[in-house]
There are 2 protein chains.
Amino acid sequence: MDEKLMERLQQIRKLLHAEQLKLTPQREATVRVLLENQEGHLSAEEVFMLVKQKAPDIGLATVYRTLELLVDLRVIEKLNFGDGVARYEFRENDQPHHHHHLICLNCGRVSEIEDLLGDLEKKIEERHGFQITDHRVSFLGYCSRCRGKGPA
Amino acid sequence: MDEKLMERLQQIRKLLHAEQLKLTPQREATVRVLLENQEGHLSAEEVFMLVKQKAPDIGLATVYRTLELLVDLRVIEKLNFGDGVARYEFRENDQPHHHHHLICLNCGRVSEIEDLLGDLEKKIEERHGFQITDHRVSFLGYCSRCRGKGPA
DNA sequence: TTTGTCTTGCGACCCTGTCCCATTATAGTC
DNA sequence: GACTATAATGGGACAGGGTCGCAAGACAAA
């Protein structure tokens with residue numbers, strides 16, 4: 001696990017260097033937080049709080065800038081669950097993401113399920129002349145723990 | 001077209017009355033704007049601008065309140081295309097919406113396509129114990145006019 | 001060491017949206 | 001029509017998330 005983390009970190013360092021950018025301590029701390037919370041779908045604010053523990057002097061703007069940078073580098077992905085905050089998630093490779101989200105309307109938990117759309121995109125491209133580069137699917141409802149509770 | 005509009009307006013008036021609420025001139029103006037721009041996916045700000053033309057003295061807060069009210073009454077639906085603003089769309093009936101969106105990354109145009117998920121929800125409910133009440137699907141890419149242009 | 005560039009932290013600021021509150025409009029009753 | 005209770009309004013203050021400009025700091029290359 002730890003070697004994998006270091007490996008990924010080196011990989012990102014190279015990505016940055018290729019663009020004449022640096023993996024500064026602040027950026028490294030941010031990446032580490034994201035790597036250590038891959039299942040978390042953290043918001044920028046949450047990332048900021050966690051990074052503060054590693055690097056107390058870091059500024060909020062730096063975290064935002066780093067997240068934006070990582071999105072541009074396609075290292076992470078910016079997600080939108082409709083709760084008013086942007087959330088971030090690692091991208092396993094350079095592909096568009098192909099998993100989908102189950103969003104619980106009671107507890108807010110977000111879990112992931114495999115891709116469902118299969119070759120549907122091809123049909124849409126043909127029928128609508130629309131060149132698809134990515135898709136987002138979210139199912140809203142109640143997770144197994146919250147079934148029958150209604151909205152919080 | 002105009003009779004249909006009046007009919008819908010009466011329908012909404014009744015809905016409001018059933019809750020001891022009134023269809024005030026401000027609310028009526030807001031509903032009219034929404035009815036006249038059913039394909040527009042208007043943001044609150046856009047609705048406000050258009051309503052101002054009909055009723056120049058209306059306040060922004062009133063428009064927001066009216067939109068929220070109409071969402072509660074399930075007359076309209078609040079949509080989120082990830083561009084940082086809420087958008088609103090009429091609901092044809094009392095069902096959860098079952099059409100999906102094609103969002104063009106170049107010109108921002110949003111078009112609609114029919115429901116794609118069919119009975120997929122049942123499978124997910126079984127497999128994940130997740131009680132689904134709605135779903136959102138968006139495909140991102142380039143519409144027929146913008147193909148090959150890349151992001152704006 | 002010097003220089004140029006990338007980064008940073010900070011605070012000001014922007015934007016969408018909500019809240020509070022005093023005032024006004026409305027429907028229902030007499 | 002007058003009265004009353006309640007719904008609704010406009011305006012401004014405010015909140016949360018996020019961006020921007022800028023002066024200062026860190027770093028790599030020469």
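Convention: sequence-line order gives letters A, B, ...; per-chain numbering from 1. All values below come from the heavy atoms of this structure, side chains included, with hydrogens, waters and symmetry mates left out.
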At how many degrees, to 10°, do the end axes of the helix from C:dT1-D:dA30 to C:dC30-D:dG1 meet when each uses five pairs? 20°

Between B:Ser43 and B:Pro25, which is nearer to the 5' end of DNA chain C once each is assigned its nearest nucleotide? B:Ser43

Under the salt bridge (charged side-chain N to carboxylate O under 4.0 Å, His left out) definition, can you give me all pairs with a residue in residues 40-50 of chain B, not counting sequence neighbours? B:Glu46-B:Arg87

Heavy-atom contacts under 4.0 Å between residues 57-72 of chain B and DNA chain D, which residues? B:Asp57, B:Ile58, B:Gly59, B:Ala61, B:Thr62, B:Arg65

CZ of A:Phe130 to CD of A:Glu125, rounded to nearest 0.5 Å, is 9.0 Å

According to the ring pair (Phe, Tyr, Trp, His ring centres under 6.0 Å) rule, which pairs have a member within residues 21-41 of chain A, sequence neighbours left out? A:His41-A:Phe81, A:His41-A:His101

Please work out if A:Glu45 contacts a base, only the sugar-phosphate, or nothing of the nucleic acid, heavy-atom cut-off 4.0 Å. nothing

Polar pairs (N or O, both sides) under 3.5 Å between protein and nucleotides 4-7 of chain D?
| unit_1 | atom_1 | unit_2 | atom_2 | d |
| --- | --- | --- | --- | --- |
| D:dA7 | O4' | B:Lys22 | NZ | 3.1 |

Between atom CD1 of B:Ile113 and atom CD1 of A:Ile124, what is the distance when rounded to the nearest 0.5 Å? 4.0 Å

Could you give all pairs that pass the salt bridge (charged side-chain N to carboxylate O under 4.0 Å, His left out) test and reach residues 50-73 of chain A, with sequence neighbours left out? A:Glu36-A:Lys54

Rounded to whole angstrom units, what separation is found between the CZ atom of A:Phe48 and the C1' atom of D:dT19? 15 Å

Rounded to the nearest 0.5 Å, what's the gap from CD1 on B:Ile12 to NZ on B:Lys14? Could you check? 12.0 Å

So, the side chain of B:Arg74 versus the backbone of B:Arg91: is there a donor-acceptor pair under 3.5 Å, distance only? no

Who are the side chain to side chain contact (heavy atoms under 4.5 Å, CB included) partners of A:Glu126, not counting sequence neighbours? none

First contact, last contact: which nucleotides of DNA chain C are these for chain A, 5' to 3', heavy-atom distance under 4.0 Å? C:dC6 to C:dC10

Between CG on residue B:Leu67 and OH on residue B:Tyr88, distance to nearest 0.5 Å: 5.0 Å

Can you tell me how far CD1 of B:Ile58 sits from OG1 of B:Thr24, rounded to the nearest 0.5 angstrom? 7.5 Å

Apply side chain to side chain contact (heavy atoms under 4.5 Å, CB included) to A:Glu28 and list each qualifying residue two or more places apart in sequence or on a separate chain. A:Leu9, A:Arg13, A:Leu23, A:Arg32

Do B:Leu70 and B:Leu34 come close enough that some side-chain heavy atom pair is under 4.5 Å? yes

Residues which pass side chain to side chain contact (heavy atoms under 4.5 Å, CB included) with B:Glu19, listed by chain and number, not counting sequence neighbours: B:Leu21, B:Leu73

